[in-house]
Amino acid sequence: MEKIISLAKRRGFIYSGSEIYGGLAGTWDYGPLGVALKNNIRDLWWKRFVEDREDMYGVDAAILMNQKVWQATGHASGFSDPLVECSGCKKRFRADQLDDRAKCPECGGKLGEERQFNMMFTTHVGATQDESTISYLRPETAQGMFVNYKNIIDSFHPKLPFGMAQIGKAFRNEIAPRDFTFRAREFEQMEIEYFIAPKDWAETFEHFRNEMHAFIKDVGIGADNVHELEVPEADRAFYSKRTIDIEYDFPFGRKELYGLAYRTDYDLSRHAEHSKIKLDYLDEAAKERFVPHCIEPSFGLDRTVLAALCDAYSEDEMNGEKRELMQLDPKIAPVKAAVFPLLKNKPELVGRAREIYRDLKKEIPNIMWDDNGNIGKRYRRQDEIGTPYCVTVDFDTLEDGTVTVRDRDSGKQERVATEKLIRYINK
Ligand code: GAP
């Protein structure tokens with residue numbers, strides 16, 4: 001894990017939040033390559049779950065919501081983790097993550113009584129600060145969809161089953177943020193609330209279970225490292241009748257990557273009761289009104305980025321030299337190809353390489369230019385960030401119009417005609 005964290009920082013994937021001020025625990029800043037990787041994953045998700053389907057409605061709801069939303073769902077009173085404080089060093093811990101609930105893991109001191117700690121960040125909206133102006137940074141994107149259920153029904157008149165999808169930030173004041181970006185206080189979720197007739201819940205659950213695995217495969221994360229955990233009733237969120245956690249073998253252990261939950265009609269019913277607005281569905285054929293039930297596949301975007309990095313990281317030897325390698329799937333690789341002139345002090349090579357670089361960049365996003373150091377060093381640098389292809393422009397290019405294309409994983413080199421380069425890389 002240390003090697004991955006160090007590479008992520010050194011090469012501009014992920015930095016500590018507010019680093020020059022000593023950081024802010026549980027916050028992370030994505031650098032240029034991290035943003036590109038995250039955007040690629042986000043786009044894959046949106047394409048699969050929204051654009052390629054006819055039954056999904058995308059939304060982008062406000063992060064700040066009326067406090068009544070969180071009172072209705074029970075988050076204001078119940079979205080908490082068990083907290084214990086050491087009577088000696090005063091450090092605080094999540095009680096359910098301790099092996100020994102009586103003894104401080106830091107100083108060996110006595111731990112106090114367990115109490116519930118609400119994880120929502122509170123803020124105030126407007127210039128006055130009293131009970132009525134309280135708002136929260138949303139702890140899940142899900143509620144932005146439930147509160148817009150009626151808007152989607154009124155504007156699009158969808159027939160059941162249909163879903164709403166959203167990608168956005170969520171915030172939790174985690175007691176113990178840890179394991180790099182795995183448990184952060186600010187993170188991004190990609191969530192679907194899929195509305196169904198109650199009788200269809202089991203079939204829909206299976207559908208999304210398969211779709212979640214298909215997405216993981218699409219991202220290029222190896223199935224061998226992915227597992228399922230049937231969450232027992234005692235550990236399920238208060239709203240769920242069935243939950244499966246999809247877990248990944250991170251270097252720090254097997255941990256939750258995504259969750260799939262059958263939320264029943266809990267959220268819509270609670271919002272209907274608290275807002276006094278009807279949130280039901282008219283089945284015209286059966287002349288019957290009912291509150292739809294809901295299946296919720298929930299994906300952490302930052303955890304996907306982390307799992308993709310962990311899965312892709314490897315070390316090997318090439319031409320007698322050790323190398324660090326990110327075997328990212330080309331679909332999500334932040335840089336698709338890098339273009340080099342063989343020598344940077346030969347204007348004719350640099351000029352032709354620049355032209356090829358510009359032509360590629362017009363057609364394929366995220367093409368990189370590199371003319372620093374020797375070719376071997378450039379290859380190592382691109383291997384580290386997962387660039388699938390390196391394109392070298394040399395003297396033969398000026399003669400016969402071909403370039404050397406070098407494959408990241410095998411190191412194999414091939415001469416490719418310049419006019420076929422875009423098709424070659426796209427393929
Ligand atoms: N709407 C349901 C929900 O929020 P969750 O299991 O609490 O369920 C869903 O969160 C997903 O969000 C998790 O599977 C994980 O990928 C991501 N997630 C949750 N807490 C996180 C945290 N503190 N840091 C990073 N990602 C987190």
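Every number for a ligand or one of its atoms is a count from 1 in the order of the listing.
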Tell me, please, which residues at least two apart from T128 pass side chain to side chain donor-acceptor pair (under 3.5 Å). none

Pi-cation contact, F340 with R378 (under 6.0 Å, within 45°): yes

List ligand 1's nitrogen or oxygen atoms that come under 3.5 Å of a protein nitrogen or oxygen, with the partner atom and distance.
| from | atom 1 | to | atom 2 | distance (Å) |
| --- | --- | --- | --- | --- |
| ligand 1 | 1 (N) | E140 | OE1 | 2.6 |
| ligand 1 | 1 (N) | E191 | OE2 | 2.5 |
| ligand 1 | 1 (N) | R263 | NH1 | 3.4 |
| ligand 1 | 1 (N) | E296 | OE1 | 3.3 |
| ligand 1 | 1 (N) | E296 | OE2 | 2.9 |
| ligand 1 | 4 (O) | R172 | NH2 | 2.9 |
| ligand 1 | 4 (O) | Q189 | NE2 | 3.0 |
| ligand 1 | 6 (O) | E256 | OE2 | 3.1 |
| ligand 1 | 7 (O) | R172 | NH1 | 2.8 |
| ligand 1 | 7 (O) | R172 | NH2 | 3.0 |
| ligand 1 | 10 (O) | Q189 | NE2 | 3.4 |
| ligand 1 | 12 (O) | Q189 | NE2 | 3.2 |
| ligand 1 | 14 (O) | E256 | OE2 | 2.5 |
| ligand 1 | 14 (O) | L257 | O | 3.3 |
| ligand 1 | 16 (O) | L257 | O | 2.6 |
| ligand 1 | 16 (O) | G300 | N | 3.1 |
| ligand 1 | 20 (N) | R172 | NH1 | 3.4 |
| ligand 1 | 23 (N) | E174 | OE2 | 2.9 |
| ligand 1 | 23 (N) | A184 | N | 3.4 |
| ligand 1 | 23 (N) | A184 | O | 2.8 |
| ligand 1 | 24 (N) | F182 | O | 3.1 |
| ligand 1 | 24 (N) | A184 | N | 3.0 |
| ligand 1 | 26 (N) | R303 | NE | 3.4 |

Determine whether the aromatic ring centres of Y136 and F121 lie less than 6.0 Å apart. no

Can you list the residues that meet the side chain to side chain donor-acceptor pair (under 3.5 Å) rule with D283, with sequence neighbours excluded? none

Aromatic ring centroids of Y389 and Y424 under 6.0 Å? yes

Residue list, side chain to side chain donor-acceptor pair (under 3.5 Å) with D154, at least two apart or on another chain: K150

